[in-house]
Each structure stands twice: as C-alpha cells, then as structure tokens.
Amino acid sequence: MTRNWTFGRKLGAGFGVMVGLAVAIGLVGIVALQSVVRSKDRVISVNANLLIDAAKLQSAVNKKSASIRGYLLDRDDRLLDEMREARQDFTAAAERLKGAVYTEEGRRQLELVRSAEADHQSASEGVIALRRSGSPTEAVARAFADQIMPKRAVLGKQLQDLVEREEALLERARLAATDAASRAIGLVVLLVIGVAVSGAIFGVSLTRALARQVGGAVGQVQSSSAELQAAANQQAVGAKEQATAMSEIATTVRELLATSRQIAESAQRVVQIAQETARAATGGESTVEKAHESIVGIRRQVDLVVGHMVDLGKKSQQIGAVVEIVSELAEQTNILAINAMIEAAGAGEAGGRFAVVADEIRKLADRVAGSAKEIRTLIDDIRAAVNTNVMATETGSKAVDAGSRQFGEVASALKQIAALVSTTTEAAREIELSTKQQSSAVEQVNLAISNIAQATRETESSSSQTLQTASQLADLSKGLLRLVQSQEALAA
C-alpha cells in the first residue's frame with residue numbers, strides 16, 4: 001500500500017510518526033514532572049512546615065522553661081511576661097500543627113504534647129506561687145526538682161518523639177519524590193530509545209522508497225529541462241521586445257507628466273485670477289451699496305425740498321390773499337380820500353386842511369395799491385418758480401428712483417458675478433486638485449513603469465541565466481540518474 005504513496009506523503013508520514021513519538025515523550029515527561037513537582041511541593045509545603053512547627057514548639061518550651069527558672073531565681077515579673085509569650089507561641093504553633101497534621105498517629109502525638117505542656121504549666125504555676133509567697137529557697141528548689149523537672153522531662157520526650165516522627169515523614173516523602181523522578185527518567189529514556197530505533201527503521205525504508213521515486217523523477221526532470229531551455233529562449237526574445245515597449249511607454253508617460261504639471265500651474269493661475277475677481281466684485285458690491293445709500297439720502301432730501309416748496313406755495317397763496325385785502329383796502333381808502341376832498345372843497349376854508357390830509361391819504365393809498373400790485377407780481381413769479389421747482393424736483397425724484405432701481409440691479413448683478421466667480425474658483429481649485437492628483441498618479445505610473453522596465457531588463461538578463469541553468473539542470477539530472485541507478489544496483 002505504501003508503494004503508491006508520493007514523496008511528500010512519505011515524508012509527511014515520517015514526520016507524523018516522529019511528531020507523535022515526540023508528543024508521547026512530552027506528555028510522559030509532563031506527567032512525570034507534575035508527579036515529581038507534587039511530591040516536592042508536598043515535601044516542602046507539608047512535611048517541612050510540620051517539622052518547622054515542631055521545632056517551634058521545642059523552642060517555645062525551652063523559652064518558657066528558661067523564663068520559669070529565671071523567675072524562681074530573681075523573682076522578676078518581666079520573666080513571667082516572657083513565659084506567657086512563650087506559651088502563646090507554643091499554642092499558636094500547636095494550632096498550626098493541628099490543622100496540618102494529616103495522619104491519626106500524628107494527631108495523637110500532638111495531643112500528648114499539648115497534655116504534657118498543660119501538666120508542666122500547672123506544676124510551674126504551683127512552684128511560682130510558692131516562690132511568690134516568700135518560701136525558703138530550699139523548699140522552692142525541692143518543689144522545682146520534684147514537680148517541674150519530671151513534667152519537663154515528659155514534655156521533652158513527647159516533643160522529641162513528635163520531631164523524630166516528622167523527620168521520618170519528611171525523609172519518606174523525599175525518598176518517594178526521588179523514586180518518582182527516577183521512574184520518570186527511566187520511562188523517558190525508554191521512550192527515547194524506542195523513538196531512535198523506530199526512526200532508524202523508518203529512515204532505512206523511506207530511503208529505499210525515495211531512491212526508487214527519485215529515479216523516476218530524474219527522467220521527468222530531463223524532459224522538463226529540455227522544455228525549459230526552449231521556453232527560456234522564447235522568454236529572452238519576449239523580454240527584449242517588452243523592454244523596448246516599456247522604454248516607449250516611459251517616454252510617453254514623462255511627456256504626460258510634463259503636460260499635467262503645466263495644466264496644474266495654469267489651474268493655479270486661474271484660481272488666483274478668480275480670487276482677485278471675487279475680491280473686486282465684493283469691493284464693487286460694497287461701493288454700489290454705499291452709492292445706493294447715498295441716493296436714498298438724496299431721495300429723502302428731495303422729498304424734504306418738495307415738501308418745503310409745497311409749503312412755500314401755500315404760504316405764497318396766503319400772502320396773495322392778504323395782498324388782495326390790502327389792495328381792496330387801498331381802493332376803498334382812495335375812494336374815501338376822494339370823497340373827503342370833495343367834501344372838503346364844499347366846506348370852503350374850514351375843510352382846506354382836511355383836503356390836504358385827504359390828498360395825502362389818497363397818495364398813500366395809491367402807493368399802497370402800487371406796492372400791492374408789485375407784491376402780487378412777485379407772488380406770481382414766486383408761484384411760477386415754485387411750480388417749476390416742484391416739477392423739476394419731481395423729475396429729479398423720478399430720476400433718483402430710477403437710479404436707485406438701477407443701483408439695485410447693479411448690486412444684484414455684482415452678487416451674481418461674485419457667486420459665479422466663487423463657483424469658478426471652486427471649479428478651478430477642483431481642477432487644480434484633480435490635476436495635482438493626476439500628476440501624482442502619473443508620477444507613480446512613471447515610477448511603476450520604470451520599475452517594470454528595470455524588472456524587464458532584469459528578466460532579460462535572467463532569461464539567459466535561466467537558459468544556462470536549464471543546461472546545467474539537464475547535465476545534473478543525467479548525473480543524478482546514473483547515481484540513483486548505481487545505488488539500486490548495489491542494493492539489489
């Protein structure tokens with residue numbers, strides 16, 4: 001079945017077997033290491049800590065015994081405080097041991113230690129009370145030897161048994177961890193030996209199979225190398241033609257790039273001119289607005305003048321009416337003066353002086369009538385002038401209205417011009433931006449064409465190298481075929 005496998009499939013199968021064996025070795029190593037680590041952690045975290053706590057119990061008991069002896073000698077109360085602290089340390093260590101001890105025998109041994117420590121503390125308190133009461137030193141010494149020392153010996157033996165037991169447990173755990181590591185090492189070594197033997201067997205069989213496949217493949221390489229030589233010749237000819245065409249394209253693209261740059265510069269000048277035109281249109285619009293405001297002011301002044309003229313005409317009419325009254329009064333006065341002169345002439349000498357007065361009154365009435373006529377003539381002239389001014393003012397007002405409408409049309413036209421110029425500016429800017437983008441794109445195309453031309457030249461040079469390589473490959477395949485055939489003959 002494996003004779004029909006391909007070269008890659010056989011190599012894949014070999015690598016798969018090796019990877020499987022390597023994974024198996026890794027898994028076994030991981031499991032073994034985990035077991036060793038667990039054993040080591042148990043030794044460190046459990047057994048070693050138990051031994052340390054047991055040693056702390058001994059230390060606390062020794063400290064307490066020393067404090068008791070010191071108090072019995074010196075009666076220093078500070079030593080009693082040290083005794084209490086030592087007993088607190090003992091209690092704390094005993095509690096830790098109680099939670100950590102994992103065997104029933106260890107728990108019983110710990111209870112014996114605690115019971116012995118309680119007996120020792122009770123005996124010590126009795127002797128301390130005896131010392132505190134002022135008993136003789138000999139009595140205190142006898143009580144210490146009879147009561148405390150036996151209890152201390154029992155407590156020391158229990159502690160020693162606990163420490164020795166924990167040391168034995170620690171040594172057993174260490175030996176168990178060592179055995180687990182040794183077993184793991186042995187298993188890994190056996191797997192490595194198995195992998196080496198399997199690899200050697202598989203390598204020999206794979207080498208023989210590959211030798212047969214290489215023989216067939218070499219024949220195919222010979223035919224392929226001949227085809228490669230022909231293709232390399234065609235590729236060299238095509239590469240030369242392609243290099244020529246790329247040179248012509250590069251020249252055209254460079255001309256297009258120069259044209260794009262000129263268009264970009266022209267578009268930039270158009271943008272500048274459009275901006276200047278927009279500023280001029282804006283300035284003209286403001287000027288027209290100011291002129292329109294001036295014409296509106298003139299219109300208001302003309303309306304005021306027309307109003308004053310109309311008032312002047314009305315007042316001239318009133319003056320004419322007054323002049324008419326004055327003229328009538330002058331005529332009546334003249335008639336009365338004539339009648340008075342007639343009556344004075346009839347009165348003789350008595351009315352002579354009255355006749356003189358009447359004559360003067362008549363002369364005065366004649367002058368008033370003449371002045372009234374002149375005033376009427378002046379009033380008529382004023383009326384004519386006022387009417388003429390009113391008509392001229394109305395004509396001017398109409399002209400001002402027409403000018404105002406024209407200025408409005410000019411302002412609207414300037415606004416349209418400004419809007420068109422703004423549109424033109426935006427269009428010119430878009431043309432400039434598009435031209436710049438086009439120039440950038442053309443530059444990129446030029447660079448790409450240059451790279452293609454370079455690649456074409458390199459392809460042309462590599463075609464000849466390919467042709468040489470194909471010839472060398474043909475010679476090499478022949479030598480390889482002879483080598484493989486000789487190896488198969490030797491194997492047979």
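Below, each value reflects all heavy atoms present in this structure, side chains not excepted, and no hydrogens, waters or symmetry copies.
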key: Any donor-acceptor N/O pair, S59 side chain to A55 backbone, under 3.5 Å   = no
task = Using a 4.5 Å cut-off on heavy atoms from C-beta on, say whether the side chain of D89 contacts that of K56.
result = no
key: Gap separating the CG atom of L80 from the CD atom of E125, nearest 0.5 angstrom   = 10.0 Å
task = Before giving the answer on side-chain contact (heavy atoms from CB on, under 4.5 Å), spell out for L155 and V61 the whole-Å C-alpha distance, their side-chain angles and the decisive distance to 0.1 Å.
result = CA-CA 9 Å; L155 177 58; V61 169; 3.5 Å; yes
task = Show your working on salt bridge (charged side-chain N to carboxylate O under 4.0 Å, His left out) between E104 and R107 and close with a plain yes or no.
result = CA-CA 5 Å; E104 189 64 29; R107 294 190 185 95; 3.6 Å; yes
ask   = When rounded to the nearest 0.5 angstrom, what is the spacing between CD in Q147 and CG in D119?
value = 12.5 Å
ask   = Between S135 (side chain) and R131 (backbone), is there a donor-acceptor pair under 3.5 Å?
value = no
Taking every non-hydrogen atom, the tightest pair across L57 and A93 = CD2-CB, 3.7 Å
ask   = Can you name the closest pair of heavy atoms from S67 and L79 and give their distance?
value = CB-O, 3.3 Å
key: Close side-chain approach of Y71 and R78, heavy atoms under 4.5 Å   = no
ask   = Looking at CZ of F144 and CG of L73, how far apart are the two atoms once the value is rounded to the nearest 0.5 Å?
value = 8.5 Å
ask   = Between F90 and V113, does a side-chain contact (heavy atoms from CB on, under 4.5 Å) hold up when you go through it step by step?
value = CA-CA 10 Å; F90 178 88; V113 171; 3.9 Å; yes
task = For the pair R165 and D161, find out whether any cationic side-chain nitrogen is under 4.0 Å from an anionic carboxylate oxygen.
result = no
message = Has D74 got a side-chain atom pairing as donor or acceptor with D76's backbone, closer than 3.5 angstrom?
response = no
Passing option when L159 is tested against Q109, Q58, E164 for side-chain contact (heavy atoms from CB on, under 4.5 Å) = Q58
query = Would you call D81 and R84 a salt bridge, using N to O less than 4.0 angstrom?
reply = yes
remark   = Of all heavy-atom pairs linking A145 and P150, the shortest is O-CD, 3.3 Å
Lys/Arg N to Asp/Glu carboxylate O, E117 vs R87, below 4.0 Å = yes
ask   = Is it the case that K64 and Q121 place a side-chain donor and acceptor less than 3.5 Å from each other?
value = yes
Which atom of K63 lies closest to which atom of E82, heavy atoms considered = CE-O, 4.4 Å
ask   = Checking S65 side chain against N62 main chain: does a donor-acceptor pair fall under 3.5 Å?
value = no
remark   = Closest non-hydrogen atoms of S124 and I148, given as atom of the first, atom of the second and distance, are CA-CD1, 3.8 Å
query = Could you state the interatomic distance from CD (E171) to CG (L175), rounded to the nearest 0.5 Å?
reply = 4.5 Å
request  = For side-chain contact (heavy atoms from CB on, under 4.5 Å), just list the numbers for V154 and K157, CA-CA rounded to whole Å, side-chain angles, deciding distance to a tenth of an Å, and then say yes or no.
outcome  = CA-CA 5 Å; V154 173; K157 184 178 183 306; 5.8 Å; no
key: Stepwise side-chain contact (heavy atoms from CB on, under 4.5 Å) check, M83 with I128   = CA-CA 11 Å; M83 180 192 70; I128 289 171; 3.8 Å; yes
